[in-house]
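Have a look at the structure below, then the notes.
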Amino acid sequence: MPELPEVEVVRRGLERWAGGRTVAGAQVLHPRAVRRHVAGAADFEARLRGRRFGPARRRGKYLWLPLDGGDSLVAHLGMSGQLRIQPAGTADEKHLRVRITFEDPAAGELRFVDQRTFGGLSLHPDAADTDCAIPDVLAHIARDPLDPAFDEAAFHAALRRSRTTLKRALLDQSLISGVGNIYADEALWRAKLHYERPTATLNRPRTLELLGHIRDVMHAALAEGGTSFDSLYVNVNGESGYFGRSLDAYGREDEPCRRCGTPMRRRPWMNRSSYYCPRCQPPPRPRRQKPKK
DNA sequence: ACGTTTTCCTGAGCGC
DNA sequence: TGCGCTCAGGAAAACG
């Protein structure tokens, strides 16, 4: 389950191993892996041939490689996606979905491997109305907290304006991108905030503190060289990262809170789970709807 | 227009 | 041994 730091590691790997190279051919082995390329697998393959990759870019968990001529190859790893550079002739992975070969085959081929096929590749033109070059399909994705241009004031204003709850807001890609279930729980634990706290109750310093914790937990992951929760994630060099040792909240049901020792809790939340410390992160007092007599 | 729910997909893990 | 069930996850479509 790659989160933003893992995706950043993949970006760096793509930049080093695919940037500047020219595509010899592309082979789609599973149509679902290119389902977001609406013109279809054959079109995807045809339009990649002969194109040269520019420097790899990222926003949130989306990756893209600009192509000479204007479009970009957009990638999302989903839950189980991997991008790997493999020597030509290496046995196909069981869940190999797309293979991209280059005009300099000695430097290896690019493979998209994805067991659960939530991820995928597609080609898109750049958005016309943005100051920075970004594929049109990503124009609605907010900047991520590691982006120097992330607008903290606008994020705080959005929290104040909205009537939603904290974790929902953290996972809302139009407000802030790149925060997944794991790091949302980690950052909320660090900030001692409950996941169902109404966003409008945060004052500015509290919002900034929460953003600081999000960045801290992501930087910590990056410092470990890109991390992951299980072996499904592999970076472009085929090395798997692991951040499990550093998790303070996610997956720690019934284990003692590392701050106060209280057993951590897990609660069902939006068809998944939220982990929190009931003492450090007390639930918000239910808003009184109508004063009962 | 907004917030919420459902959907997509596969394999690991579990109870029986 | 194997069946059927639950769970995991991001993001977009569908729903209210």
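Numbers restart at 1 for each chain; the letters A, B, ... are given by sequence-line order, proteins then strands.
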Do the side-chain N or O atoms of [X] get closer than 4.0 angstrom to the phosphate oxygens (OP1, OP2) of [N]?
| X | N | answer |
| --- | --- | --- |
| A:His95 | B:dG11 | yes |
| A:Arg32 | B:dC9 | yes |
| A:Arg168 | B:dT4 | yes |

Looking at the side chain of [X], which of [options] is the nearest nucleotide?
| X | options | answer |
| --- | --- | --- |
| A:Lys94 | C:dG10, B:dG11, C:dA11 | B:dG11 |
| A:Gln115 | C:dA8, B:dT7, B:dG11 | B:dG11 |
| A:His76 | C:dG10, B:dC9, B:dT6 | C:dG10 |
| A:Thr117 | B:dC9, C:dG10, B:dG3 | B:dC9 |
| A:Arg272 | C:dG10, C:dA12, B:dC8 | C:dG10 |
| A:Arg116 | C:dA8, B:dT5, C:dA11 | C:dA8 |
| A:His140 | C:dA12, B:dC8, B:dT10 | C:dA12 |
| A:Ser273 | C:dA8, C:dA11, C:dG10 | C:dA8 |
| A:Tyr62 | C:dG10, B:dT4, C:dA12 | C:dA12 |

At 4.0 Å (heavy atoms only), tell me whether A:Arg35 reaches a base, stays on the sugar-phosphate, or touches nothing.
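No contact.
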For A:Arg161, report the nucleic acid contact type (base, sugar-phosphate, nothing); a contact means any heavy atom under 4.0 Å.
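Since no nucleic acid heavy atom lies under 4.0 Å of A:Arg161, the category is nothing.
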Of A:Ser162 and A:Arg97, whose closest DNA chain B nucleotide lies nearer the 5' terminus?
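Upstream on the strand: A:Ser162.
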Quick one: stems for DNA chain C, with Watson-Crick or G-U pairs under 3.5 Å, at least three in a row?
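Runs of three or more consecutive pairs: B:2-16 with C:2-16.
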Compute whether any side-chain donor of one residue and acceptor of the other, for [X] and [Y], lie under 3.5 angstrom apart.
| X | Y | value |
| --- | --- | --- |
| A:Asp43 | A:His37 | yes |
| A:Arg267 | A:Ser274 | no |
| A:Arg32 | A:Thr117 | yes |

Would you call the rings of A:Phe155 and A:Phe150 parallel, tilted or perpendicular, where under 30° means parallel and over 60° means perpendicular?
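Plane angle between 30° and 60°, so tilted.
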Would you say the side-chain atoms of A:Glu3 pair up with the backbone N or O of A:Gly180, donor to acceptor, closer than 3.5 Å?
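Side chain of A:Glu3 to backbone of A:Gly180: a pair is present.
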Passing candidate, side chain to side chain contact (heavy atoms under 4.5 Å, CB included) with A:Ser72, options A:Leu138, A:Leu67, A:Asp126
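Of A:Leu138, A:Leu67, A:Asp126, side chain to side chain contact (heavy atoms under 4.5 Å, CB included) with A:Ser72 is met by A:Asp126 alone.
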Could you point out which residue of A:Glu45, A:Arg97, A:Arg99 forms a side-chain hydrogen bond (donor to acceptor under 3.5 Å, both in side chains) with A:Gln27?
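Exactly one candidate clears the test, A:Arg99.
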Expressed in angstrom and rounded to an integer, what is the separation of A:Trp269 atom CH2 from C:dG10 atom C1'?
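Checked: the CH2 to C1' distance equals 11 Å.
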